[in-house]
Amino acid sequence: MQQQRLVHFLLLSLSGLALTGAARAQDKPDWRISGFGTLGVVHASEHEADYTSSVFKYNGAGATRRWSTDVDTRLGVQLDATLARHWSAVLQVVSEQGLDNTYRPRVEWANIKYQATPELALRVGRIALPIFLTADYRKVGYAYPWVRPPVEGYNVMPVTSSDGIDATLRWGVGPVRNASQVFYGHSAVNLFDALRVYGRRGIGISNTSDWGALSVRANVLSAEISSNIGAELFRAFDAFGPIGQDLTRRYEIDHKRMMLANIGVNYDPGSWFVMAEAGHTVSHSFLGSTRSAYVSAGWRWQAFTPYATYARVRAAGATTDPGLPVAALPPALAPTAAALNGGLNYLLWTIPQQTSQAVGVRWDLRTNMALKVQYDRVTPQEGSRGTFINPTPRFVPGHPVHVASVALDFVY
Amino acid sequence: MATLQSFRLLGTSLLLGFLAGAPVCAADLVVIVSARSPVAALRADQVAAIFLGQSVRFPDGTEAVPFDLRLGVPMRDEFYARVTNKTPALLKAHWSKMVFTGRGQPPAELPDSAAVRRKVADDPEAIGYIERSALDGSVRAVLVVQ
């Protein structure tokens with residue numbers, strides 16, 4: 001509904017601006033269609049949970065089925081329109097498996113840009129969240145060497161865009177070229193059934209500095225998050241008086257200030273590259289606090305780019321909580337309290353703790369197509385299901401899961 | 001003795017001439033601006049920044065609008081290999097990042113050196129690259145790509 005309104009608003013604005021643009025003879029509106037996509041298949045050795053690329057997926061490879069084409073497969077179409085000398089608009093629609101188990105296309109980008117000066121650009125609409133080194137093109141497989149960005153860092157923040165405004169200023173100091181971006185926005189994500197996650201009053205700063213082959217990007221994002229996930233559980237905790245209410249205050253996603261800070265470095269002189277990124281999140285809720293990092297390096301030989309990656313994510317706090325003091329409660333309430341404690345710890349179990357090593361090779365078949373083969377050795381750590389989804393009651397962390405992926409990426 | 005020395009000298013100068021001259025003669029590329037542009041010379045990194053969409057101005061502050069040769073023209077691949085250290089695949093990956101993040105579109109493309117020279121000659125903001133042999137008075141070479 002909200003997406004429809006956004007598209008409607010955008011189309012109206014586009015046609016309006018196109019008319020004003022066309023009035024100036026030398027600035028004819030100009031349309032460009034481009035796109036990107038990935039055809040991927042993944043195999044995982046785990047039988048009791050699904051390996052996938054985002055927590056916003058319905059399933060993946062592992063428990064649901066040994067081989068899955070849903071982990072990386074997607075198609076994106078982008079419409080770029082130059083409306084007048086300083087006005088342009090972009091609409092990007094992406095089709096990939098979502099939490100509803102369909103490939104229903106979603107509006108990833110829909111914004112209008114005003115290029116106030118050659119250095120300063122202002123945008124309004126749906127904008128990609130600039131929160132990682134490769135955040136704003138994380139769905140464009142062709143643009144990075146791997147099959148997918150390391151899930152340990154990127155899964156911590158599965159929301160990829162927000163509705164709002166941003167400003168980007170390009171500036172230089174000697175040989176260093178910078179792009180600084182500030183943004184403000186909201187986002188609403190429908191999970192499944194009636195579950196939702198809201199991010200309100202999100203504010204972020206991002207800076208990218210390029211100096212020859214070196215690129216450094218730093219981002220900070222803060223947003224007030226709310227969700228009805230676990231609402232029934234927390235209402236039941238509330239009924240247990242001050243101790244239960246205290247647990248609700250600590251863990252429910254209810255107007256909590258989430259903070260995310262991240263720094264990434266890429267050195268790419270052409271014949272080889274090294275990339276490294278480190279991030280920290282604080283949520284003041286059952287989403288926990290995490291620290292994540294990865295380092296990846298590759299070497300380009302003719303059309304082949306072999307690479308290796310090491311990635312990890314750790315909870316910055318506890319992933320279990322004793323919850324209500326079952327022993328101190330009247331015997332009649334003890335089973336209910338124990339069940340609630342179990343529910344709370346199930347939520348806390350989703351805070352990712354995981355280590356993975358990956359090796360792969362990218363083969364540039366043509367100038368707009370690349371084939372990638374990757375092997376990941378993924379180990380969810382104790383007290384966590386890592387980045388896996390749909391765990392069965394028999395899922396046990398602590399042992400390595402072998403994941404093999406093949407992906408064909410293209411842009412057009 | 002004297003004969004031997006002059007022979008050696010001749011050998012050295014031949015060798016030096018070969019080293020210095022050969023790569024330039026083999027594929028001599030020049031980066032050009034309009035003869036009406038105030039820009040006199042550019043470094044390779046300044047040219048790279050303009051063609052990769054990282055810089056929108058010449059060092060003197062005037063706007064810079066780059067023009068490319070068409071995809072598949074060997075001179076284009078050579079220009080990017082020497083100035084930006086990027087293969088056609090890496091360049092495509094670079095523009096995929098720029099386009100799909102709304103940060104920019106690649107330079108407009110023209111079919112050959114003559115078309116680039118005509119376009120650049122007419123527009124003081126334009127910048128392009130052509131064979132040195134295609135140079136004439138309408139444009140100014142601001143960098144010789146070796």
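What you are looking at is a predicted structure, and each value in this text was computed from that prediction instead of being measured. In what follows, every chain begins at residue 1, and chains take the letters A, B, ... in the order their sequences are listed.
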Review point. Given the options B/Val99, B/Asp45, B/Leu90, which has more heavy-atom pairs under 4.5 Å with chain A than any of the others?
Key: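 So the answer, after comparing B/Val99, B/Asp45, B/Leu90, is B/Leu90.
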
Practice item. Heavy-atom pairs under 4.5 Å with chain A are the metric here; pick the option from B/Arg103, B/Gln54, B/Lys97 that has the most. Key: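 Among the listed options, the one with the most contacts to chain A is B/Lys97.
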
Exercise for review: Could you pull out the closest heavy-atom pair between B/Arg117 and B/Ser138, with the gap in Å?
Suggested key: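 What the structure gives for the nearest pair is CG-OG, 4.0 Å.
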
Check your understanding: Between A/Glu108, A/Arg138, A/Arg106, which is the residue that forms a side chain to side chain donor-acceptor pair (under 3.5 Å) with A/Thr160?
Key ->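 The option that passes is A/Glu108.
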
Check your understanding: Strictly under 6.0 Å, is that where the ring centroids of B/Phe51 and B/Phe79 end up?
Key ->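 Judged by ring-centre distance (under 6.0 Å), B/Phe51 and B/Phe79 do meet the cut-off.
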
Heavy-atom distance under 4.5 Å to chain B: side chain of [X], backbone, both or neither?
{"X": "A/Arg32", "answer": "side chain"}
{"X": "A/Asn178", "answer": "neither"}
{"X": "A/Pro118", "answer": "both"}
{"X": "A/Lys139", "answer": "neither"}

Practice item. Output, in order, the C-alpha distance, side-chain angles, deciding distance and verdict of salt bridge (charged side-chain N to carboxylate O under 4.0 Å, His left out) for A/Arg177 and A/Asp210. Key: CA-CA 5 Å; A/Arg177 292 168 223 289; A/Asp210 292 304; over 6 Å; no

Point to revise | A/Trp272, CH2 atom: more than 12 neighbouring heavy atoms under 6.0 Å | key: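 Enclosed.
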
Review point. Is there a donor-acceptor contact under 3.5 Å from the side chain of A/Arg362 to the main chain of A/Tyr142?
Key: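 It does hold such a pair.
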
So for [X], is it side chain, backbone, both, or neither that comes closer than 4.5 Å to the heavy atoms of chain A?
{"X": "B/Arg43", "result": "neither"}
{"X": "B/Glu63", "result": "side chain"}
{"X": "B/Lys86", "result": "neither"}

**Study point:** Nearest-0.5 Å distance that lies between atom CG in B/Leu110 and atom CG in B/Leu69
**Key:**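 With rounding to 0.5 Å, CG (B/Leu110) is 7.5 Å from CG (B/Leu69).
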
